[in-house]
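All chains are named by letter (A, B, ...) in the order of the sequence lines, taking the proteins before the strands, and each is independently numbered beginning at 1. Predicted, not measured: the structure shown is a model, and the values here were computed from it.
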Protein chains: 2
Amino acid sequence: MNTLAEENYLKSIYHLSMGADNVSTNQIAASLNTKASSVTDMLKKLADKALINYTRYQGVSLTPSGEKIAVNIIRKHRLWEYFLVEKLNFKWDEVHDMAEEMEHISSAELIDRLDEFMDYPQHDPHGEPIPDCNGRFKSPELKPVSALTVNDQGIISGVRDHTSAFLQYLDKQQLTIGKKIAITEIIEFDHSVVLQIENKKEVHISREVANNLLIAL
Amino acid sequence: MNTLAEENYLKSIYHLSMGADNVSTNQIAASLNTKASSVTDMLKKLADKALINYTRYQGVSLTPSGEKIAVNIIRKHRLWEYFLVEKLNFKWDEVHDMAEEMEHISSAELIDRLDEFMDYPQHDPHGEPIPDCNGRFKSPELKPVSALTVNDQGIISGVRDHTSAFLQYLDKQQLTIGKKIAITEIIEFDHSVVLQIENKKEVHISREVANNLLIAL
DNA sequence: TAAATAATTTAGACTTATCTAAATTATGAA
DNA sequence: TTCATAATTTAGATAAGTCTAAATTATTTA
Ligand SMILES: [Mn+2]
Ligand SMILES: [Mn+2]
Ligand SMILES: [Mn+2]
Ligand SMILES: [Mn+2]
């Protein structure tokens, strides 16, 4: 098995790989709140274990086995988040830190039973897809509200920012996962957006918010 | 907060304190599968943190704050074991190792919600009492079958041995928690015991088994 | 009560994961 | 293309937790 630190590095590299295909030492350091020199040390260790492709100064990518481990950690993270919200009634902005601990519980049998117990949920409380027990999942095509135009409509299906502040703001505006929205107006001056929620309430959101709210068309 | 290692030491000292009131270095080493010298190092650390009373060569006992931490770990261990058996359908011999990991999940809010979700169970799958959120619990007076005499009857309420081998044997004999039993005969030659389960099946158990099966009268 | 033996502690070393400071390599602006 | 700057790696420390081997203290036993 891998240590807790190794698992966190692999997960971080996996997430950072979504953007570019080679991840830099500094990116990893920033995402794990650690120093670049610590990252270099760990990269050597992960390369020795054949979990990453690493050549000095060139950044890293996950090998298939590294990716498999990362996806499994993410599966566990998202299933526990779903459990916390659906079974223990936590709010979607409260569960991330707990799941950061729970994702390291090792038993595969446990997580598969948990998956079954919750009836194989497809998405976590933030709209992220939950990999199945073989690590497979499909990421639906989501667009930020900021990429839509007037009269476009769709369903709120994810968030880019997972901070409590943002999620609580969305709660207050009733901009929660699953809600249907339609774009009413885009203010050119500041790129803020007016939208209508399920044919009722109208809300006016800033460009910042529009950038971080993801819609399935 | 305390490290995982510190928590395991406190829990071990707590359990060993049930017998005598001062726990020895070697006892702790044996229970944690480590070496006496490692234990000594940790005892100094725990004493510095005022979690144990320790003077060289004299063994240790928990301070009130050390005991509070230990009981909390035990609460978490037993609640997770209950969850695994009652919600995820694991067998009582399968859950201990998973709970050893889960007991270190730190959130108190999480464990209190889990407690509520399961409707405040009083005992874990092995019959051990589950401390409430204030650390309070009552240990019922239990006697091993080996301490009973012919015609005594009672309810199976706990086990001394938690190994898979023993628990699976009990399952096979239908000697499970909650079953009512009555002593039919005690064989003097080898101290084995014949007992009747809920007025039906008769089983013959060895002295060894009789010593490890606990009854509430 | 004095050895012998057992229990415990100390000394010194190792591993993992981290850090700061210094050295090296890469990059991009002039 | 050259050099200043940014990114990355190396060197050397530190802390937690563990180990083996040696030293110390306590306990038994004769
Ligand atoms: Mn999360
Ligand atoms: Mn999530
Ligand atoms: Mn247990
Ligand atoms: Mn138990």
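Distance B:N22 CG to C:dT8 P: 11 Å, rounded to the nearest Å. In this structure, CG of A:N2 is placed 16 Å from C1' of C:dT15, rounded to the nearest angstrom. C:dA17 atom P lies 11 Å from atom CG of A:L10, rounded to whole Å. If you measure from atom CD1 of B:I28 to atom P of C:dT8, you get 9 Å, rounded to the nearest angstrom. Rounded to an integer number of Å, the gap from CD of A:E6 to C1' of C:dT15 is 12 Å.
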Side chains of residues 139-149 of chain A: which donor-acceptor partners sit under 3.5 Å, not counting sequence neighbours?
{"unit_1": "A:S146", "atom_1": "OG", "unit_2": "A:N211", "atom_2": "OD1", "d": "2.8"}
{"unit_1": "A:T149", "atom_1": "OG1", "unit_2": "A:D152", "atom_2": "OD2", "d": "3.4"}

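With respect to the salt-bridge test (charged N to carboxylate O, under 4.0 angstrom), the residues A:K11 and A:E6 do not qualify. Residues B:R78 and B:E103 are not paired through a salt bridge, judged by the lack of any N-O separation under 4.0 Å between the basic side chain and the carboxylate. Under the 4.0 Å criterion applied to side-chain N and carboxylate O atoms, A:E109 and A:R113 are assigned as salt-bridge partners.
Considering only side-chain N and O atoms, B:S24 lies nowhere under 4.0 angstrom from the phosphate OP1 or OP2 of C:dA7. Residue B:N26 places at least one side-chain N or O under 4.0 Å from the OP1 or OP2 atom of C:dT8.
B:H77 and B:H96 are linked by a side-chain donor-acceptor pair at a separation below 3.5 angstrom, with hydrogens and angles left out of the test. For the residue pair B:W92/B:D171, the side-chain donor-acceptor check at 3.5 Å is satisfied.
Ring planes of B:F117 and A:F117: perpendicular class, angle over 60° (limits at 30 and 60°).
Within the model, atoms CG of A:L10 and NZ of A:K49 stand 9.0 Å from one another, a figure rounded to the nearest 0.5 Å.
Of the residues in residues 43-50 of chain A, A:K44 come within less than 4.0 Å of DNA chain D through at least one heavy atom, sorted by number.
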> In B/S/- notation, 5' to 3', how is nucleotides 18-28 of chain D contacted by protein heavy atoms closer than 4.0 Å?
Replying inline: BBBB--BSS--

